[in-house]
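Side-chain atoms are counted along with the backbone in the values below, which use heavy atoms only and exclude waters and symmetry mates.
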Amino acid sequence: MTVKLNERAYEHAKRLIEEGKFIDDERDAWSDHHPSTRTENEFIEKNGFSQYSKWFLAVNDEYSEAGRRHYEFPYGDFENVHCCGILAAQSRAGQSKSSDVEKAAADLVAAIDKQTRK
């Protein structure tokens with residue numbers, strides 16, 4: 001599997017966090033907060049894969065950019081970054097030895113921590 005950091009999504013997440021568009025939720029909340037398949041499909045239909053891609057910290061080059069399987073490690077709900085999503089991505093990236101994604105997720109968690117201390 002060829003999974004690598006999605007730089008565009010990483011920059012998008014950092015920008016959203018700087019703008020205060022994040023939810024500082026608990027690690028276990030992602031199972032309740034992640035977008036449903038229906039929500040994802042509606043977002044793709046309305047905005048296309050270019051915008052969809054900005055919500056996933058990794059891409060898998062074994063799959064086409066015009067398909068959902070190309071995008072891995074979701075971190076938000078198409079409006080806000082969710083800390084629980086980033087923590088889930090960080091954990092999964094560590095398990096799959098995707099160190100660049102794991103480090104990026106750690107940086108985003110630190111950015112949220114910094115914003116919440118302001």
Participant: Return the CD1 to CG distance between I23 and D77, rounded to the nearest 0.5 Å.
Facilitator: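 The distance works out to 5.5 Å.
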Participant: With no hydrogens and no angle check, is any side-chain donor or acceptor of S91 less than 3.5 Å from a backbone partner on A88?
Facilitator: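 Not confirmed, S91 side chain does not pair with A88 backbone.
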Participant: So F43 and P35, do their side chains get closer than 4.5 Å, heavy atoms only?
Facilitator: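 A side-chain contact under 4.5 Å is absent here.
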Participant: Any side-chain heavy atom of I86 within less than 4.5 Å of one from W30?
Facilitator: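 No - every pair of side-chain heavy atoms lies 4.5 Å or more apart.
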Participant: Measure the shortest side-chain to side-chain distance between D25 and H33 over non-hydrogen atoms and say whether it is less than 4.5 angstrom.
Facilitator: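 In contact.
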Participant: Do E79 and K21 sit within salt-bridge range, that is, some charged N less than 4.0 Å from a carboxylate O?
Facilitator: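 K21 and E79: not salt-bridged.
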Participant: Is R92 close to F73 at the side-chain level, that is, under 4.5 Å between some pair of heavy atoms?
Facilitator: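 F73 vs R92: side chains touch.
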Participant: Which distance, rounded to the nearest 0.5 Å, do you find between the CD1 of I44 and the OG of S50?
Facilitator: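 Rounded to the nearest 0.5 Å, the CD1-OG separation comes out at 12.0 Å.
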Participant: Just wondering, do L87 and C83 contact through their side chains at under 4.5 Å, heavy atoms?
Facilitator: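 Yes, close enough: below the 4.5 Å cut-off.
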Participant: H34: what forms a side-chain hydrogen bond (donor to acceptor under 3.5 Å, both in side chains) with it, not counting sequence neighbours?
Facilitator: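 H34 satisfies side-chain hydrogen bond (donor to acceptor under 3.5 Å, both in side chains) with no other residue.
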Participant: Are the side chain of S98 and the backbone N or O of V101 linked by a donor-acceptor pair below 3.5 Å?
Facilitator: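 No, S98 side chain to V101 backbone: no donor-acceptor pair under 3.5 Å.
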Participant: What I'd like to find out is whether the side chain of Y71 reaches to under 4.5 Å of the side chain of Y63, using heavy atoms alone.
Facilitator: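 No, every pair of side-chain atoms sits at 4.5 Å or beyond.
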Participant: Quick one: CD on Q51 to NZ on K46, what's the gap to the nearest 0.5 Å?
Facilitator: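 That separation rounds to 11.0 Å.
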Participant: Do you know the tightest heavy-atom contact between C84 and A29?
Facilitator: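 Where C84 meets A29 most closely, the heavy atoms are SG-C, 3.8 Å.
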Participant: With side chain to side chain contact (heavy atoms under 4.5 Å, CB included) as the test, would you mind laying out the steps for F78 and E40 before giving the verdict?
Facilitator: CA-CA 9 Å; F78 305 121; E40 286 188 2; 3.9 Å; yes
Participant: Using a cut-off of 6.0 Å, state whether more than 12 heavy atoms not belonging to E42 lie near its atom CD.
Facilitator: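 More than 12 heavy atoms, drawn from other residues, nucleotides or ligands, come within 6.0 Å of this atom.
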Participant: Between CG of D24 and CD of Q115, what distance do you get to the nearest 0.5 Å?
Facilitator: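 Here the rounded value is 11.0 Å.
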Participant: Please tell me whether I112 and L57 are part of a single hydrophobic cluster in this structure, the criterion being side-chain heavy atoms less than 4.5 Å apart.
Facilitator: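 Yes, it is one cluster - the side chains of I112 and L57 are joined through contacts under 4.5 Å.
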Participant: Locate the shortest heavy-atom distance separating A89 from P74; write the atom from each residue and the value.
Facilitator: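 Looks like CB-O, 4.3 Å.
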Participant: Tell me whether E26 at atom CD has more than 12 heavy atoms from other residues, nucleotides or ligands lying less than 6.0 Å away.
Facilitator: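 Result for CD/E26: open.
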Participant: Taking the side chain as everything from C-beta on, heavy atoms only, tell me whether E65 gets closer than 4.5 Å to F49.
Facilitator: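 Sidechains of F49 and E65: no contact.
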Participant: Rounded at 0.5 Å granularity, tell me how far CD in E72 sits from CG in L5.
Facilitator: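 The CG atom of L5 is 12.5 Å from CD of E72, to the nearest 0.5 Å.
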Participant: Under the 3.5 angstrom rule, does the side chain of N6 hit a backbone N or O of F56 as a donor-acceptor pair?
Facilitator: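 At least one qualifying donor-acceptor pair exists.
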Participant: I'd like to know if the side chain of H70 and the backbone of V59 have a donor-acceptor N/O pair within less than 3.5 Å.
Facilitator: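 Flag not set: sc H70 to bb V59 has no pair under 3.5 Å.
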Participant: Give every donor-acceptor pair under 3.5 Å between a side-chain atom in residues 10-17 and any protein atom, sequence neighbours left out.
Facilitator:
from, atom 1, to, atom 2, distance (Å)
Y10, OH, D107, OD2, 3.2
E11, OE2, K14, NZ, 3.2

Participant: Any salt bridge linking D61 with K4? Criterion: basic side-chain nitrogen under 4.0 Å from a carboxylate oxygen.
Facilitator: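 Salt bridge flag = yes for K4 with D61.
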Participant: In the structure I gave you, are the side-chain heavy atoms of R68 and T37 within less than 4.5 Å of one another anywhere?
Facilitator: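 Answer yes - side chains close enough.
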